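What follows is a short report on a single structure.
Since we're looking at a predicted model, the values are computed, not measured.
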Amino acid sequence: MAFFGVLKDRAFNVLNQVISENKHGSENLSKEQKFCQKFNIPDDERVIIEADVILEVSSFQPDDEAIAAARAKGGNLGSASKSSRRKITSHTRSQGTLYLTQHFLLYADSRDSRHCSFSLQLSIVKKLERETSAYDNRLLISLSTTSRLLLRISFDGLRSDNERFASDLSMALKNNHPNIKKLAKFVQASYSEYLLSKNHMSSTKIEHVPPGGLGLVFKFPGNPKESRDKTKLKFWFDLFIENGRNLSLIKTEMFYKLIRVGLPNRMRGEIWELCCGSMYLRLENENFYEKILESNSGKSSFAIEEIEKDLNRSLPEYAAYQSEEGIGRLRRVLTAYLWKNPEIGYCQAMNIVVAALLIYMSEEQAFWCLNVLCDRLVPGYYSKTMYGTLLDQKVFESLVQKTMPMLWDHIVKNDIQVSVVTLPWFLSLYLSSMPLVYAFRILDIFFMQGPRTLFQVALAVFKINGEALLKSEDDASFISIIKLYFGSLDTSAHPSSPQLKYRNITKFQELLAVAFREFSVVDEEMINTHRNRHRGTIYQNISTFVKRTEIRNLPKTPNISLENLDLLYDRFYSLVEQSRITEGSGSSTIDFKAFQDLMSDLCDWVGFQDEKHEQIEQSFLHRLFQKWDLENNEVLTFKNLVMGINSLVEPDLMTSMSNFFALYQDQHGKLGNDGILKLSEDLLYITNPWKLGAYVDGITQQIIQREVAAAVIREQEERKKNEDSENSSVDADNQPQVHIDEERFLGQQTERYLQSASMFIKRAFEYAQPNEEELLIEDLKLSSDISHNAALDPSHPVFLNLPTFRMVILADETYELLFTNTLRESIHLDKPLSNTSNPIRNLRDMFDGLLNDGVRVANRVRQRMDSKASQASGSGASSSNSSARSTKASNATGPSAQDAEDEEDEEDFRKVVIDEKDKDFLLSSESATGPELPSSSQAMQSSTSNTSDGEAKPKKSTNELNLIEF
């Protein structure tokens with residue numbers, strides 16, 4: 001809890017620099033990009049021409065004779081097309097604006113785009129014809145599509161402009177001819193096309209089930225009977241016949257209503273990618289997914305290691321992610337995205353989102369959907385600074401303050417950190433917070449209407465639990481209330497109501513009703529207004545939050561002040577952005593080159609060497625780097641660096657000598673012949689600036705001070721002799737002039753350091769203890785000219801331990817001063833950063849494990865729901881389920897018995913009759929936005945209890961503040 005305690009005040013703003021450079025930020029989008037996002041088409045599309053039109057949409061529906069002929073021939077409608085008759089049914093009439101881009105024909109109704117809109121990929125247009133208009137001087141054209149739609153377009157405006165539109169459309173269709181060859185493979189992977197083909201309602205023949213999500217093998221979350229999955233699929237079946245499908249779907253009010261009531265499992269992945277526009281990217285970039293995996297096969301990076309760590313933590317409650325098949329799919333999608341967008345790489349919570357997508361999507365579908373999700377739907381949520389998530393947390397707080405002022409005052413009064421609760425909701429799109437079956441319902445609407453869904457649902461959660469939240473006094477109780485609520489979404493919202501229709505309303509249905517009715521005013525415009533209001537201070541606040549959080553969680557560093565830690569932090573992370581270990585790493589570490597740059601900026605003795613001593617410098621810095629790299633990853637974290645420097649600037653003499661000796665000692669705490677020589681060589685290297693006279697040490701300063709004092713005294717005595725005793729005093733304006741021979745003092749200092757180095761080697765070997773280990777080469781003999789040198793005599797190995805090292809150092813005043821003051825004072829941690837430094841902190845590693853808190857709740861609820869569903873299904877269903885479970889082992893190679901049964905049912909899908917109760921439930925105006933909820937007065941009347949006298953008295957409702965009056 002303490003880790004997130006400062007999240008509210010310090011982590012809700014984004015770096016100004018990052019936002020200004022981010023091409024996906026809504027405030028920096030061009031007019032063309034905003035247009036592309038409106039219709040969910042690729043960003044590189046540009047409007048060629050537009051026109052005001054009257055649109056009529058009809059469909060060619062095959063009659064029963066054509067279908068019977070197709071069945072008889074065992075094929076599809078294409079095989080019976082010559083002898084079949086078709087009837088044309090008119091469905092939609094609308095007035096709006098038609099747009100033409102390089103690859104799309106776009107339309108939106110002028111009154112309400114939900115009444116009629118489409119984004120037709122030009123490759124699906126089969127025929128363009130000019131018709132005779134019943135009106136004077138009005139151009140009328142008709143388009144027919146591969147899905148047997150007929151669009152009759154009547155143009156308003158000047159005839160010349162309309163003729164130009166028709167000419168440009170004809171030219172665009174010709175230019176798109178090469179793209180038609182992509183359609184065959186694309187259609188074969190479309191489940192909507194497969195559904196119609198199996199029922200002989202499509203001219204395209206698809207023999208095999210298209211590649212889909214893991215749900216086809218491991219079953220989809222939830223109970224399909226309770227969710228009326230087959231009834232929903234029938235509605236979509238009828239919609240596809242009347243309004244087209246995939247690339248040619250006409251979006252009407254029915255389209256949005258069917259999404260609101262929940263998508264059928266088999267269609268969920270395709271509708272998601274259609275709503276967000278990733279379907280068009282998949283068509284445009286054929287085979288890109290396979291190629292990027294193949295071209296980067298075998299490569300490694302820091303981010304890939306992070307992916308591997310999170311694979312087994314991605315929706316572990318779902319059976320697929322306990323198998324190699326599910327883990328493998330997840331690994332490939334995350335890795336492919338890493339190589340496509342190395343600047344983003346891999347971010348926390350991305351694994352949870354992709355794991356959810358893969359339940360309903362193929363790998364390629366999930367890959368392109370992830371691209372749209374990161375770049376367009378929630379930009380900045382999955383980035384190196386995670387600025388989008390943090391900014392939206394601030395926006396959410398503003399919305400709570402505006403819509404629920406009483407609750408907000410309570411939150412502020414008790415210093416409750418709202419983002420501790422809501423950050424995982426936004427980051428994981430509710431997948432880690434509520435049971436999957438409900439989280440996917442939220443995702444249905446999220447892909448349809450965008451990120452405002454996240455705000456509306458979050459506000460509804462606060463509103464519904466408002467009364468209970470007003471009683472909480474700290475973060476823990478606040479979180480507990482929300483967790484209990486998410487754990488009870490499948491229970492009745494009004495169990496005590498005497499009316500059955502209210503008792504049947506679940507808490508999740510109530511949540512949808514409150515979210516999309518009461519908070520329908522929360523739209524993109526309102527959200528962007530709040531974003532712009534809080535955007536200005538992003539950089540400073542996010543930097544402060546991350547810096548203080550990481551510094552606070554460091555081990556104690558008594559030798560480095562807080563101010564110097566701040567500077568060291570900025571210096572380190574300015575180098576992180578310049579140092580990329582491997583492409584796509586996204587790591588918060590520095591390599592040796594960056595470490596060398598950092599030390600040269602801080603230490604007097606780094607970078608001072610000439611070419612002759614450069615090798616010695618590299619050796620010593622490598623020794624520091626390797627000793628400070630506690631994980632042996634050949635990189636340094638900020639923690640590694642701080643702990644290392646803390647030991648290097650130790651003020652205590654004995655500890656300082658111990659820290660330095662530890663850089664060289666072996667596992668037994670000893671230093672052999674070679675180690676003694678290396679240590680003496682590095683001591684000479686460190687003291688080089690003083691040896692060469694670039695700086696003066698404390699000893700030289702004292703000598704100079706004594707010399708100056710003696711010179712002043714002599715000068716004063718001479719003046720006394722030459723002047724009268726009354727005027728012999730020296731005042732401030734008549735100080736004696738003292739001249740110091742700097743060369744002499746610096747020469748003495750150089751001599752002293754050379755002598756200290758020589759004496760260290762001599763004393764080290766003189767006082768070193770003999771090594772009793774036998775020599776490997778027994779007959780090794782030394783020549784007489786080197787036998788006197790103990791350092792070069794391998795026949796008499798010695799070792800130096802820590803006490804002896806201390807004794808040798810303390811025997812020399814120069815080296816004693818080195819470990820007392822000189823070394824510490826040569827490291828300038830208070831040195832300010834240059835103006836070119838850019839200390840941007842990577843946030844991803846700080847949120848490791850943030851989303852796991854809530855997965856357990858979702859898992860428990862899911863298990864309880866599955867248990868209830870199995871009990872309700874009866875003994876016959878239990879037997880069937882047992883049979884299905886017995887075939888689980890074969891699911892990896894083929895469909896289960898239940899899947900086979902579903903496929904058989906799809907053969908006769910055209911004849912499925914929708915139950916009127918299901919139709920009323922699914923398509924009523926209430927269920928499209930949530931059920932009708934009782935008003936406050938109804939709730940009070942329905943929550944009554946009988947007294948001992950038999951009189952009915954109202955019982956106070958705990959949800960009284962949360963109910964809505966319409």
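- Residue pairs satisfying the ring pair (Phe, Tyr, Trp, His ring centres under 6.0 Å) criterion with at least one member in residues 140-162, sequence neighbours excluded, are listed as follows: F155-F165.
- At a threshold of 4.5 Å between non-hydrogen side-chain atoms, the residues L55 and L98 do not count as touching.
- Although no hydrogens or angles enter the test, the distance criterion places a donor-acceptor pair under 3.5 Å between the side chain of Q188 and the main chain of K205.
- Interatomic distance, CZ of R245 versus CE of M267, reported as 10.5 Å (0.5 Å rounding).
- Scored by the side-chain hydrogen bond (donor to acceptor under 3.5 Å, both in side chains) test, R332 finds E363 as partners (sequence neighbours excluded).
- Going from atom CD1 of I259 over to atom CZ of R441 covers 11.5 Å, rounded to the nearest 0.5 Å.
- Judged purely by distance below 3.5 Å, without hydrogens or angles, the side chains of Y107 and S94 pair a donor atom with an acceptor atom.
- Between A356 and Y360, the shortest heavy-atom contact is O-CD1, 3.9 Å.
- Contact of the Q95 side chain with the D52 side chain is not registered, since no non-hydrogen atoms from C-beta on lie closer than 4.5 Å.
- A donor-acceptor distance shorter than 3.5 angstrom exists from the side chain of Y382 to the backbone of L427, with no hydrogens or angles considered.
- Counting heavy atoms from C-beta on, the side chains of L122 and F104 never come closer than 4.5 Å.
- Taking the six-membered ring where tryptophan is involved, the planes of W368 and F288 are tilted, since the angle between them lies from 30° to 60°.
- Ring geometry for Y381 against F426 counts as tilted: the plane angle lies between 30° and 60°, on a 0 to 90° scale.
- The list of salt bridge (charged side-chain N to carboxylate O under 4.0 Å, His left out) pairs with a residue in residues 278-289, not counting sequence neighbours, reads E273-R282.
- When all heavy atoms of Q456 and S520 are compared, the closest pair comes out as NE2-CA, 3.8 Å.
- There is a side-chain donor-acceptor pair under 3.5 Å between S147 and S248.
- Taking every heavy atom of both residues into account, G269 and M361 meet most closely at O-CE, 3.2 Å.
- Shortest non-hydrogen contact noted between S113 and Y256 is O-OH, 4.4 Å.
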*Chi angles and distances behind the salt bridge (Lys or Arg N to Asp or Glu O under 4.0 Å) call for D229, R266*: CA-CA 9 Å; D229 196 75; R266 298 295 185 93; over 6 Å; no
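- Of all heavy-atom pairs between N162 and G157, the closest is ND2-O, 3.6 Å.
- Within a 6.0 Å radius of CZ in R111, other residues, nucleotides and ligands contribute more than 12 heavy atoms.
- Between D444 and R260 there is no salt bridge, since no side-chain N of the basic residue sits under 4.0 Å from a carboxylate O of the acidic one.
- Side-chain contact of T453 with Q449: a donor-acceptor pair under 3.5 Å is present, judged by distance alone.
- Classification of the Y99-F35 ring pair by plane angle, with boundaries at 30° and 60°, yields perpendicular.
- Under 3.5 Å, the side chains of N287 and K185 contain a donor-acceptor pair of N or O atoms.
- Taking 4.0 Å as the cut-off between side-chain N and carboxylate O, E525 and R452 do not count as a salt-bridged pair.
- Between F367 and Y289, the angle of the ring planes lies from 30° to 60°, which puts this pair in the tilted group.
- No side-chain donor-acceptor contact under 3.5 Å links D375 and N341.
- A salt bridge between D109 and R114 is absent, with no side-chain N of the basic residue lying under 4.0 Å from a carboxylate O of the acidic one.
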_Please evaluate residues Q121 and L283 with respect to the criterion side chain to side chain contact (heavy atoms under 4.5 Å, CB included), reporting the C-alpha separation (whole Å), side-chain torsions for both, the decisive distance (0.1 Å), and the verdict._
CA-CA 10 Å; Q121 225 282 345; L283 174 67; 3.8 Å; yes
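- A side-chain donor-acceptor contact under 3.5 Å links E270 and S192.
- No side-chain donor-acceptor contact under 3.5 Å links S362 and E364.
- Test L512, L429, I442 against V457 for side chain to side chain contact (heavy atoms under 4.5 Å, CB included) and you get one pass: I442.
- Although no hydrogens or angles enter the test, the distance criterion places a donor-acceptor pair under 3.5 Å between the side chain of S197 and the main chain of I206.
- Going from atom CD of Q37 over to atom CD of Q33 covers 7.5 Å, rounded to the nearest 0.5 Å.
- Between Y191 and Y194, the two ring planes are tilted [angle within 30° to 60°].
- For the pair L140 and R130, the minimum side-chain heavy-atom distance is 4.5 Å or more.
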*Check the pair F447, L377 against side chain to side chain contact (heavy atoms under 4.5 Å, CB included), reporting the backbone distance first and the verdict last.*
CA-CA 8 Å; F447 281 111; L377 291 179; 3.8 Å; yes
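- Donor-acceptor pairing under 3.5 Å is lacking for the side chains of S59 and E242.
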*May I have the step-by-step check of side chain to side chain contact (heavy atoms under 4.5 Å, CB included) for V57 and R152, ending in yes or no?*
CA-CA 7 Å; V57 180; R152 300 182 74 249; over 6 Å; no
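- Between P451 and I527, every side-chain heavy-atom pair lies at or beyond the 4.5 Å cut-off.
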*Check the pair V47 / L100 against side chain to side chain contact (heavy atoms under 4.5 Å, CB included), numbers first and verdict last.*
CA-CA 6 Å; V47 176; L100 176 66; over 6 Å; no
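- The OG1 atom of T146 sits 7.5 Å away from atom CG of L247, with the distance rounded to the nearest 0.5 Å.
- The backbone N or O of C36 sits nowhere less than 3.5 Å from a side-chain atom of N40 that would complete a donor-acceptor pair.
- Considering only heavy atoms from C-beta on, P42 comes within 4.5 Å of L281 through its side chain.
- Residues H103 and E45 have side chains that bring a donor and an acceptor to within less than 3.5 angstrom of each other.
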_With ring-ring contact (aromatic ring centres under 6.0 Å, His included) as the criterion, how do W272 and F446 come out once you've worked through the C-alpha distance, each side chain's angles and the decisive distance to 0.1 Å?_
CA-CA 9 Å; W272 280 357; F446 168 79; 9.4 Å; no
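- With respect to E253 and K257, no salt bridge is recorded, no charged nitrogen being found less than 4.0 Å from a carboxylate O.
- Contact check for S142 versus L151: no side-chain heavy atoms found under the 4.5 Å cut-off.
- Rounding to the nearest 0.5 Å places OH of Y430 at 10.5 Å from CG of L443.
- Here the straight-line distance linking atom CG of L139 with atom OG of S160 works out to 11.0 Å at 0.5 Å rounding.
- Contact between C276 and V372 at its shortest, heavy atoms only, is O-CG1, 3.4 Å.
- Looking at F440 and L263, their side chains never come closer than 4.5 Å, going by heavy atoms from C-beta outward.
- The pair D392-R531 meets the salt-bridge criterion, since a charged nitrogen lies less than 4.0 angstrom from a carboxylate oxygen.
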